[in-house]
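Note sheet for the following structure.
Atoms within each ligand, like the ligands themselves, are counted from 1 in listed order. These numbers come from a predicted model, not from an experiment.
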Amino acid sequence: MTIALPILDVGPQRPSYAQGPRSLGSVRLLRLSITDRCNLRCVYCMPEDGVSFYDRKDLLDARQIVAVADAARSIGVSHFKVTGGEPTVRGDLVSIIQGLKALDPDDLSMTTNGVLLPRLAGDLKRAGLDRMTISWDSMKPQVFQALTGRRGYSLNDLHRGIEAAQDAGFDRLKFNVVVVGGVNDQEVVDFARLTLDRPWTVRFIEYMPLGESQLLADGLDTANLYTVDNGLVADRIEQALGPMRPIGQAENPLGGSTGEPGEPGVGPAQVFSLPGARGRVGFISAMSRPFCERCNRLRLTATGQLRACLFDGGEVDALAALSRRGGGGNRKQIIEQMARCVAQKPDTHSGHGGWQMSRVGG
Ligand code: SAM
Ligand code: SF4
């Protein structure tokens, strides 16, 4: 089933942060995009042809990335998420993880498409990575190939990556499933079923029409048809597998800042468990139910821009506060730029974004 989605609930204006709305004190998670490059071409993320990547010399180096994280840590940011593009295509990923771990965050995680994990998972665990989220959009080999842009990687490669992650000791894995209407929406019950006997969290993400992805090739109106309201996804899961119980704050001490059900890792997902399940089901509903009023994150792009939002608006250049490659950065100036960036957080996102996820660091 596909539906066109208006933005349904705008939610309250940004509320009750400890130090006031749009304050640095509200930021708990820094998402660090370490590259815009990728070995896949997911149809919801990238254009098929003509992907223009940043010049390699313009990407922040490991010391500059760690300098931004260090500034964030000094103002109380407790969670770091390494993302991209695809972080595993970066040759110095392990040393970046080591540098971030040395800052002693409460939580250090990474989002990956998983296909390169067989050769990396062990090193990442030893470097101090706490958790991994793996993108997994279809259990059908052909749909997987179609969704990931036929770049020579198969569903088997992903399965091997998942096994490698578990063998390395990443047992409480999270999986991101971008639900695309008419493509993989018939698989949501199968994905939810995975949580019954595994300690995994499977999170359903509403497709966001950002950048120049292949799904946007026919224009925004058509692209909106690919977004499936997570309310429908939840209904379908409950009809097949029974009523879901919200995971509350007491069971989830790192949950949302508003006391609502959240996810371990201070993320935006609303998290539930199915009857008798070992794992959890999460819903990230940025289109149908924007969660901007409890957004507690800041983003750093691979070229040194701070971003307040995935969608348009709120971009501040941190480069001026960073030394030349190999030199780190000026903590005080970085914090000033962070404050300028957070001050631009929207009450509710615009629903539009000129940058694809691989650039903003989804
Ligand atoms: N390459 C890694 C991966 O795919 O997991 C990390 C970067 S990717 C941009 C981060 C997450 O954003 C992935 O789970 C991906 O599925 C999701 N994503 C990308 N484009 C999206 C879009 N247009 N709408 C919703 N989610 C999207
Ligand atoms: Fe690459 Fe991740 Fe974007 Fe897919 S979603 S194209 S794996 S960056």
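- Close approach of ligand 1 to Glu206 is summarised as follows: ligand atoms under 4.0 Å from at least one heavy atom of the residue are 25 (C).
- Of the possible polar contacts, one joining the Asp185 side chain to the Gly182 backbone as a donor-acceptor pair under 3.5 Å is found.
- For ligand 1, the polar-atom distance check finds an N/O of Tyr44 within less than 3.5 Å of one of the ligand's N/O atoms.
- Each of the atoms 14 (O) of ligand 1 lies under 4.0 Å from some heavy atom of Asn176.
- Interface of Met208 with ligand 1, defined as ligand atoms under 4.0 Å from a residue heavy atom, comprises 22 (C), 23 (N), 24 (N), 25 (C).
- For the pair Gly84 and ligand 1, a heavy-atom separation below 4.0 Å is found.
- None of Leu59, Ile96, Asp70, Asp92 except one satisfies the side-chain contact (heavy atoms from CB on, under 4.5 Å) rule with Ile65; the exception is Ile96.
- Looking only at atom types and distance, the side chain of Ser285 has no donor-acceptor partner in the side chain of Gln270 under 3.5 Å away.
- At least one N or O atom of Gly85 sits closer than 3.5 Å to an N or O atom of ligand 1.
- Near Ile205, with a cut-off below 4.0 Å to any heavy atom, the atoms of ligand 1 are 25 (C), 26 (N).
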Candidate pair Trp200 and Ile162, rule side chain to side chain contact (heavy atoms under 4.5 Å, CB included), full reasoning: CA-CA 11 Å; Trp200 291 351; Ile162 294 169; 4.2 Å; yes
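- Ligand 1 has a nitrogen or oxygen under 3.5 angstrom from a nitrogen or oxygen of Glu86.
- For ligand 1 and Cys45, the ligand atoms under 4.0 Å from any heavy atom of the residue are 19 (C), 20 (N).
- Near Gly85, meaning under 4.0 Å from any of its heavy atoms, are these atoms of ligand 2: 8 (S).
- A salt bridge links Asp130 with Lys101: the distance from a Lys NZ or Arg NE/NH1/NH2 to an Asp or Glu carboxylate oxygen falls below 4.0 Å.
- Counting only N and O atoms by type, the side chains of Asn113 and Glu86 include a donor and acceptor under 3.5 Å apart.
- In summary, the side chains of Gln239 and Arg236 do not present any donor paired with an acceptor at a separation below 3.5 Å, with no hydrogens or angles considered.
- The shortest separation from a heavy atom of Gly84 to ligand 2 is not under 4.0 Å, leaving the residue out of contact.
- Within the 3.5 Å criterion, the main-chain N or O of Val178 finds a donor-acceptor partner in the side chain of Asp137.
- With ligand atoms numbered from 1 in the order given, ligand 1 contributes 16 (O), 26 (N), 27 (C) to contacts under 4.0 Å with heavy atoms of Val178.
- Against a heavy-atom cut-off of under 4.0 Å, Asn113 is close to the following atoms of ligand 1: 2 (C), 3 (C), 5 (O).
- Contacts of Thr112 with ligand 1, taken as heavy-atom pairs under 4.0 Å, involve the backbone alone.
- The residue from Pro87, Cys38, Gly114 that puts a heavy atom closest to atom 2 (Fe) of ligand 2 is Cys38.
- Considering each of Pro209, Ser135, Cys42, the one bringing a non-hydrogen atom nearest atom 13 (C) of ligand 1 is Ser135.
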Candidate pair Val228 and Val180, rule side chain to side chain contact (heavy atoms under 4.5 Å, CB included), full reasoning: CA-CA 7 Å; Val228 180; Val180 183; over 6 Å; no
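- Counting only N and O atoms by type, the side chains of Tyr207 and Asn224 include no donor and acceptor under 3.5 Å apart.
- Only the side chain of Cys45 comes within 4.0 Å of ligand 2, counting heavy atoms alone; its backbone N, CA, C and O stay farther away.
- Under the 3.5 Å distance criterion, the side-chain polar atoms of Lys174 are left unmatched by any main-chain donor or acceptor of Thr133.
- Remark: ligand 1 atoms within the under-4.0 Å shell around heavy atoms of Thr83 are 6 (C), 7 (C).
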